[in-house]
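Read through the structure below, which is laid out as structure tokens, and then see the notes.
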There are 4 protein chains.
Amino acid sequence: MARNRSQDKYYRIILAATRVFAKKGFFHSRISDIAKEAKVADGTIYIYFENKDAILIALFEEQMRAVLDNMVAQLAKEPDSVKRLEIFACTHLELIEQNPDMAEIIQVELRQSGKFMKEYRNERFAQYLDLIADIVREGQASGIFKEDVIPNVFKRAFFGALDEMSRFWVLSSRRHYDIRTAARQVSGYFIGGIRR
Amino acid sequence: MARNRSQDKYYRIILAATRVFAKKGFFHSRISDIAKEAKVADGTIYIYFENKDAILIALFEEQMRAVLDNMVAQLAKEPDSVKRLEIFACTHLELIEQNPDMAEIIQVELRQSGKFMKEYRNERFAQYLDLIADIVREGQASGIFKEDVIPNVFKRAFFGALDEMSRFWVLSSRRHYDIRTAARQVSGYFIGGIRR
Amino acid sequence: MARNRSQDKYYRIILAATRVFAKKGFFHSRISDIAKEAKVADGTIYIYFENKDAILIALFEEQMRAVLDNMVAQLAKEPDSVKRLEIFACTHLELIEQNPDMAEIIQVELRQSGKFMKEYRNERFAQYLDLIADIVREGQASGIFKEDVIPNVFKRAFFGALDEMSRFWVLSSRRHYDIRTAARQVSGYFIGGIRR
Amino acid sequence: MARNRSQDKYYRIILAATRVFAKKGFFHSRISDIAKEAKVADGTIYIYFENKDAILIALFEEQMRAVLDNMVAQLAKEPDSVKRLEIFACTHLELIEQNPDMAEIIQVELRQSGKFMKEYRNERFAQYLDLIADIVREGQASGIFKEDVIPNVFKRAFFGALDEMSRFWVLSSRRHYDIRTAARQVSGYFIGGIRR
DNA sequence: GATGAATGAGGCTTCATTCAT
DNA sequence: AATGAATGAAGCCTCATTCAT
């Protein structure tokens with residue numbers, strides 16, 4: 001019971017932080033902004049999190065876990081490597097469309113050096129990228145994809161392409177085309193490029 | 001004469017800021033850090049720049065102008081659209097290799113919301129992306145590239161792929177492969193994907 | 001309870017500021033001086049006041065309210081217009097004698113242009129002056145004072161005379177005569193001057 | 001020749017400071033503001049004045065000397081003590097009308113404690129007040145004014161009344177009555193009040 | 001556990017003053 | 001004598017964090 005209520009506050013703070021960070025950026029967000037958004041006192045945040053940085057780390061962990069789980073579930077439905085790449089692109093971009101706050105943070109704040117990406121090894125993000133590398137390896141094993149494609153290069157290129165698309169999506173107010181059109185275009189380039 | 005000395009200090013501050021921002025990130029960098037690195041007094045910085053944000057903006061402008069000019073010069077040598085895409089990829093990644101401080105800032109800080117990307121329209125960056133779109137349009141005009149490729153989608157995907165490669169390059173200490181190998185892989189995927 | 005403690009700090013800061021401003025002048029007073037005098041942390045001041053200017057404004061408001069209330073109470077005791085002018089002069093100068101810090105600030109800092117007297121309309125000060133004008137009007141109505149006296153001119157002249165006396169009082173260390181003597185002299189000049 | 005040019009700069013700086021201090025107040029005025037107004041370089045000011053405070057002191061000295069000389073000249077024309085008081089009031093307020101910048105500074109900045117009025121004995125201002133005391137003494141000697149009037153109290157009351165009138169005059173934008181009407185009212189109160 | 005008032009270290013920025021030219 | 005770029009000390013203010021209630 002007390003546990004549940006605590007859990008509840010923990011997630012309320014994470015969600016509040018997601019909204020606040022997305023709107024103002026990590027450095028311009030104040031603890032009191034998050035507290036207000038989460039409807040808790042400033043001090044309460046320090047019961048659940050060591051400090052401000054820890055909120056961002058936890059936010060990444062929680063959000064990336066959900067993103068990762070969702071992607072694994074989506075990919076599990078389809079055995080064909082080509083289709084799997086399409087699904088990855090589409091799932092990734094749809095997620096951005098549905099959860100733009102989180103997308104903004106992952107894109108913008110994940111790049112923050114200083115505390116993140118250098119000192120903090122983002123394990124889940126690495127796993128997320130490896131889903132792509134695995135698809136490529138499967139495709140190569142089944143002879144669909146070229147042998148000279150380096151999976152660890154491909155995974156970054158593919159993710160980077162999607163990520164840049166989604167940044168544009170998040171940042172631009174006017175939408176020029178459907179997000180699924182974008183997903184199909186991008187996965188199309190890559191599939192064409194590595195298919196035998 | 002006075003002009004030269006002034007110009008001199010202006011660029012010394014820009015270069016100092018490039019080093020400091022790259023190392024500590026914009027928000028963790030102190031004006032006094034930049035001043036020390038540039039070997040000027042703290043107050044001197046405010047003779048040349050309105051405030052801390054303005055240093056970052058100026059830094060982008062100056063560095064992006066150099067990057068853009070260099071890219072235009074490199075592309076001018078080659079008429080073939082396919083080769084031009086390879087040149088773009090190679091030039092981009094080589095630049096990152098040669099100027100990792102600037103690369104770090106453009107990648108990490110350019111994403112900062114707040115003052116950048118939202119309020120500050122990065123004209124030069126848009127021009128840089130449009131170089132890619134133009135190559136695609138030329139290739140389509142000469143019948144080399146597929147007609148259904150959307151240049152404005154392609155340019156982001158292509159840039160995003162290179163950018164993610166270069167982030168990895170900048171952030172990882174151990175190098176697994178040559179940067180030119182990466183450039184060839186990435187441009188290879190895209191060229192294969194949009195060629196007729 | 002929390003309210004009382006807050007109120008307590010608010011007035012402690014006002015009183016500390018009164019002492020510090022009186023001693024060093026507004027511009028030479030540091031926030032840290034006031035904080036030290038009030039025995040609070042520097043930052044605490046910003047919980048109760050927007051900025052340094054706001055402390056001065058609040059100080060005026062609070063002190064002028066007390067001064068005004070006191071003067072109204074003193075005047076209420078006496079119906080005779082002539083005696084009321086004497087009471088005004090005496091009460092005003094006695095207040096200065098009892099509260100020289102406040103007097104110094106009102107005299108010295110109230111004149112500061114910039115934020116005060118021009119942008120900030122001092123309502124209470126205007127009310128204070130109008131007490132004098134009202135006495136004159138009453139005296140004119142009852143036929144004691146000359147009809148050609150302009151109350152709105154008289155109020156300034158009368159206040160100015162007292163104010164200059166009190167400035168001398170505050171600033172000079174050696175006292176040449178009793179403050180009540182001064183009050184009687186000044187009110188004497190004016191009463192003689194406007195009596196029929 | 002060089003002397004004349006130097007003298008010229010000295011007064012240009014004084015006049016520029018008068019305008020700038022009047023507009024922004026002493027503390028909000030920057031040396032560079034005065035330099036710009038005087039059309040000299042910042043550093044030039046330090047050839048003629050020790051520091052910022054010294055400009056204000058010099059400004060008082062110069063302006064008060066002119067004010068004093070003018071008042072002495074005006075009073076010299078009239079032997080009658082009653083008329084002399086009227087002339088003082090009228091001359092004082094006319095000066096304020098003609099030179100509002102100087103009036104603002106003398107009223108506002110002269111009150112500044114800290115550096116002025118306490119540490120800096122304003123000799124000329126004392127002399128200015130003593131002109132009033134002398135008129136009273138003459139009037140008492142010739143039996144026109146009451147014997148019990150204390151000249152050193154009267155001088156402050158009279159000056160204070162005029163000063164407050166002029167403050168109102170300087171600060172208010174809309175003019176409700178003629179400045180000579182005010183002069184006559186004020187001197188009228190006092191003359192009526194001390195006449196036998 | 002929850003609160004939010006209080007703390008105080010530290011940053012950005014200003015601007016009087018200097019000094020090489 | 002004149003300049004104005006450069007200096008750097010110092011102040012206002014913010015805000016992450018603490019802790020008494």
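Reminder, nothing fancy here: chain letters follow the sequence lines and each chain counts from 1. These numbers come from a predicted model, not from an experiment.
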- Task: Kindly say if K9(B) contacts the phosphate of dA5(F), meaning a side-chain N or O under 4.0 Å from OP1 or OP2.
- Result: no
- Nearest listed nucleotide, side chain of Y46(B), among dT14(E), dT7(E), dT14(F): dT14(E)
- Message: If you define the side chain from C-beta out and look only at heavy atoms, does anything of Q63(B) sit under 4.5 Å from I105(B)?
- Response: no
- Query: What integer distance in Å separates I45(D):CD1 from dC19(E):C1'?
  - Reply: 16 Å
- The residue, S29(C) or A41(B), whose nearest nucleotide of DNA chain F is more 5′ is A41(B)
- Query: What is the distance, rounded to the nearest whole Å, between atom CG of D42(B) and atom C1' of dA16(E)?
  - Reply: 16 Å
- Query: Which part of the nucleic acid, if any, lies within reach of I31(C) when heavy atoms closer than 4.0 Å are counted: base, sugar-phosphate only, or nothing?
  - Reply: sugar-phosphate
- Item | Length of the line joining K36(B):NZ and dT7(F):P, which is rounded to integer Å | 14 Å
- Inspect the contact between D69(C) and R65(C) and indicate whether a charged nitrogen and a carboxylate oxygen are less than 4.0 angstrom apart. no
- On DNA chain E, nearest-nucleotide positions of G43(C) versus G43(B): which is more 5'? G43(C)
- Message: The side chain of I47(C) is closest to which nucleotide in this list: dC13(F), dA6(E), dA5(F)?
- Response: dA6(E)
- Task: Whole angstrom is fine here: how far is it from NZ in K39(C) over to P in dA6(E)?
- Result: 17 Å
- Rounding to a whole Å, what distance do you find between F27(B):CZ and dA16(F):C1'? 16 Å
- Item | Pairwise side-chain contact, R12(C) with T44(C), heavy-atom cut-off 4.5 Å (strictly under) | no
- Output all residues satisfying ring pair (Phe, Tyr, Trp, His ring centres under 6.0 Å) with Y46(C), sequence neighbours left out; order by chain, then residue number. none
- Task: Evaluate the side-chain proximity of K52(B) to R30(B): yes if any heavy-atom separation is below 4.5 Å, no if none is.
- Result: yes
- Message: Judged by each residue's nearest nucleotide on DNA chain E, which is more toward the 5′ side, K52(D) or S32(B)?
- Response: S32(B)
- Message: Just to be sure I understand: a Watson-Crick pair is purine N1 to pyrimidine N3 plus N6-O4 or O6-N4, both under 3.5 Å. Using that and G-U wobbles, which stems of three or more pairs involve DNA chain E?
- Response: E:2-21 with F:2-21
- Exactly one candidate in D33(B), I55(B), D101(B) meets side-chain contact (heavy atoms from CB on, under 4.5 Å) with F21(B); the answer is I55(B)
- Roughly, in whole Å, what's the span from CZ in F49(D) to C1' in dT18(E)? 18 Å
- Message: Any side-chain N or O of R30(C) below 4.0 angstrom from OP1/OP2 of dC12(F)?
- Response: yes
- Query: To the nearest angstrom, how far is H28(C) atom NE2 from dC12(F) atom C1'?
  - Reply: 16 Å
- Message: Can you measure I55(B) atom CD1 to dG11(E) atom P for me and round it to whole angstrom units?
- Response: 15 Å
- Item | Given dA6(E), dA16(E), dA6(F), the nucleotide with the shortest approach to the side chain of Y48(C) | dA6(E)
- Message: With heavy-atom distances below 4.5 Å as the criterion, would you say the side chains of V20(A) and K36(A) are in contact?
- Response: no
